[in-house]
Amino acid sequence: YVENGVFDKKARRYTIDITPNKLSDKVTIKGKLYTEPKGEGKCNRVFECTVTAKIFGVGGMLEKRVITDMQESYAKGAKFTNDYIAEKKL
């Protein structure tokens, strides 16, 4: 896949548009990544995503699978970031 992303400094949001290698004319993936304050020195990382698969009979299953894969991937990224921050005492 190809991920095209833009970081809006003012809004402090990263917006993505992902183009899959296959079925790119039938599958769209778009999302926003940002943080929300959660108290002193803490924040929540938020990823909002929409997946649309226009494939008769299997589109809904594909959408659910892509979302599950993205949740797992972003959870790994969050763990890496949290571990790095803890290790470097940032």
Side-chain angles (χ1 to χ4, degrees):
Y1 68 90
V2 175
E3 179 178 319
N4 293 306
V6 175
F7 181 69
D8 180 333
K9 289 182 184 180
K10 186 175 181 181
R12 302 186 57 78
R13 290 180 183 236
Y14 179 68
T15 304
I16 64 165
D17 186 0
I18 298 173
T19 304
N21 292 332
K22 296 180 181 178
L23 302 172
S24 60
D25 59 328
K26 300 195 182 298
V27 178
T28 59
I29 305 166
K30 298 180 184 294
K32 295 177 193 172
L33 179 64
Y34 57 94
T35 59
E36 294 179 334
K38 188 185 173 184
E40 184 64 33
K42 296 181 180 181
C43 69
N44 281 332
R45 188 170 113 157
V46 179
F47 181 65
E48 297 175 353
C49 180
T50 58
V51 178
T52 305
K54 296 179 181 179
I55 305 168
F56 181 74
V58 296
M61 289 185 293
L62 180 59
E63 291 168 356
K64 289 177 186 174
R65 179 59 193 200
V66 169
I67 290 171
T68 298
D69 289 350
M70 292 183 81
Q71 288 172 328
E72 291 172 2
S73 176
Y74 277 85
K76 288 177 185 177
K79 181 181 180 336
F80 173 84
T81 301
N82 290 338
D83 291 348
Y84 181 84
I85 290 169
E87 177 185 322
K88 301 296 181 183
K89 298 181 182 6
L90 300 173

Tyr34 side chain near Glu48 side chain, heavy-atom distance below 4.5 Å: yes
Nearest non-hydrogen partners of Glu3 and Ile16, listed with the distance: OE2-CG2, 3.4 Å
Verify same cluster id: Val27, Val58 (apolar side-chain graph, 4.5 Å): yes
Distance (rounded to the nearest 0.5 Å) between Ile18 CD1 and Ser24 OG: 13.5 Å
Nearest-0.5 Å distance, CG of residue Asp17 to NZ of residue Lys30: 3.5 Å
Shortest non-hydrogen contact between Ala53 and Glu63, atoms and distance: N-OE2, 2.8 Å
Close side-chain approach of Ile29 to Tyr1, heavy-atom, < 4.5 Å: no
Distance in Å, Lys26 NZ paired with Ile55 CD1, rounded so as to fall on 0.5 Å steps: 7.0 Å
Leu62 CG to Ile67 CD1 distance, which is reported to the nearest 0.5 Å: 9.5 Å
Value rounded to 0.5 Å, distance of NZ in Lys54 from OG1 in Thr28: 7.0 Å
ILVMFWY cluster, Val46 and Phe7 together (side-chain gap under 4.5 Å): no
pair Phe47-Arg45: side-chain heavy atoms closer than 4.5 Å: no
